[in-house]
Amino acid sequence: MNRQVHLKSRPVGAPSPTNFDIVDAPMPDVSDPESVLRRTRFLSLDPYMRGRMSDGPSYATPVAVGATMCGHTVSEVVESRNPRFSPGDIVAGYDGWQQFAVSNGADLRKLDPALPMSAFLGVLGMPGMTAYVGLLDIGQPQAGETVVVSAASGAVGSVVGQLAKIKGCRAVGVAGSPAKCRYVVDELGFDACVNYKADDFRNDLRNACPDGVDVYFENVGGAVLAAVLRLLNRGARIPLCGLIAEYNATENTPGPNLRPLLVNRVMIKGFIVSDHNDRAPAFLQEMTPLIRDGRIKFREDVVEGLDAAPAAFIGLLEGRNFGKLLVRVS
Ligand SMILES: NC(=O)c1ccc[n+]([C@@H]2O[C@H](COP(=O)([O-])OP(=O)(O)OC[C@H]3O[C@@H](n4cnc5c(N)ncnc54)[C@H](OP(=O)(O)O)[C@@H]3O)[C@@H](O)[C@H]2O)c1
């Protein structure tokens, strides 16, 4: 059987386990002459999936009610009729929340076996690429500038701050607990990290950015954005990557005061990583040695078994993950 997690109903506000259905489906059909059957080794859980659970206006098509939840995967080929793939190959795909998948292989990419396979879902995958494109192409950090990033201990934010350091910037993280902040500074090498849940967050942030903020890599929105806006320098850039604080909102949240954007000629640019696929070769070429040499570190939060995926995903939207959230499916 092929265990799958389906979207059972669309959540209103925060998702709950009742929005998911765990199903034992028949094994996929491998009769196609090119078919590549693979077993999921790792499934990535990412904030964007909250958007796919809703059918409101978006840049992407939602998951249909009753369909398997979508998601990036790293899998092992178990059977192949396609000469490009052999059993045992480790491949990246977009197979979703399920144990097995089949296709003609056009949607698969063989992975470098010298690197940990799970890294291709995080630091060397979509989140890493998001950090790379958003920071370097949109943020355009210059040595000596201050880069602030929210959700700093997470998949995207952790890479943003480490790349900022490599580019000679002051890297300041914002994260949701003292443990996350300690990790960001002590392990990842950021210059500072501020807990946005602390009473004195606004002052702490100001103290961490004595020269103001030149690049704010925006991952959360809400109160964190409002606090950073007050510190922006003239000509600051905001790669607007995500607004996770608002993903479960059922009403419009009161907007921040955008006046600092006007008076400081700030550029704010929304972007979607999939528009920048031409940057993938450069991303992999620059990042691979940094990972291999340990100059960019990464942390993974691995939950065991596909059945744990719904609760883990719900936790992601509440900050319960600590590092790149992954499901070890098999
Ligand atoms: N534009 C794109 O193409 C693109 C691509 C990938 C990701 N993204 C966005 O990048 C952001 C980070 O994604 P990720 O994959 O790196 O996730 P992640 O940081 O590994 O995990 C999500 C983190 O967001 C924080 N968070 C959750 N709820 C929050 C809230 N209500 N207020 C403030 N922070 C909250 C939590 O950290 P704390 O405990 O520190 O709050 C949580 O651990 C998300 O907004 C995501 O949508 C955008």
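Just the heavy atoms: all of them, side chains too, but no hydrogens, waters or symmetry mates, feed the values below. For ligands, and for the atoms within them, numbers begin at 1 and follow the listed sequence. Please read all numbers here as calculations on a predicted model, not as lab measurements.
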Taking distance alone, with no angle check, do [X] and ligand 1 share an N/O pair under 3.5 Å?
| X | value |
| --- | --- |
| N219 | yes |
| V273 | yes |
| A155 | yes |
| Y247 | yes |
| I272 | no |
| G176 | yes |
| G157 | no |

So, does N219 use its side chain to make a donor-acceptor pair with the main chain of S150 at under 3.5 Å? yes

So, Q4 side chain and Q98 main chain: donor-acceptor pair closer than 3.5 Å or not? no

Is the shortest side-chain heavy-atom distance between P15 and M53 below 4.5 Å? yes

Heavy-atom proximity to [atom], best of [options]:
| atom | options | value |
| --- | --- | --- |
| atom 18 (P) of ligand 1 | G154, G134, P239, S274 | G154 |
| atom 32 (N) of ligand 1 | A249, A245, A151 | A245 |
| atom 41 (O) of ligand 1 | F217, Y196, Y48 | Y196 |

Note: ligand 1 atoms sitting under 4.0 Å from heavy atoms of G242 are 9 (C), 45 (O)

Among all protein heavy atoms in this structure, tell me which lies nearest to atom 26 (N) of ligand 1, with the distance rounded to 0.1 Å. I244 CG2, 3.5 Å

Criterion side-chain contact (heavy atoms from CB on, under 4.5 Å) on N195 and D204, from CA distance to verdict: CA-CA 8 Å; N195 178 2; D204 294 345; over 6 Å; no

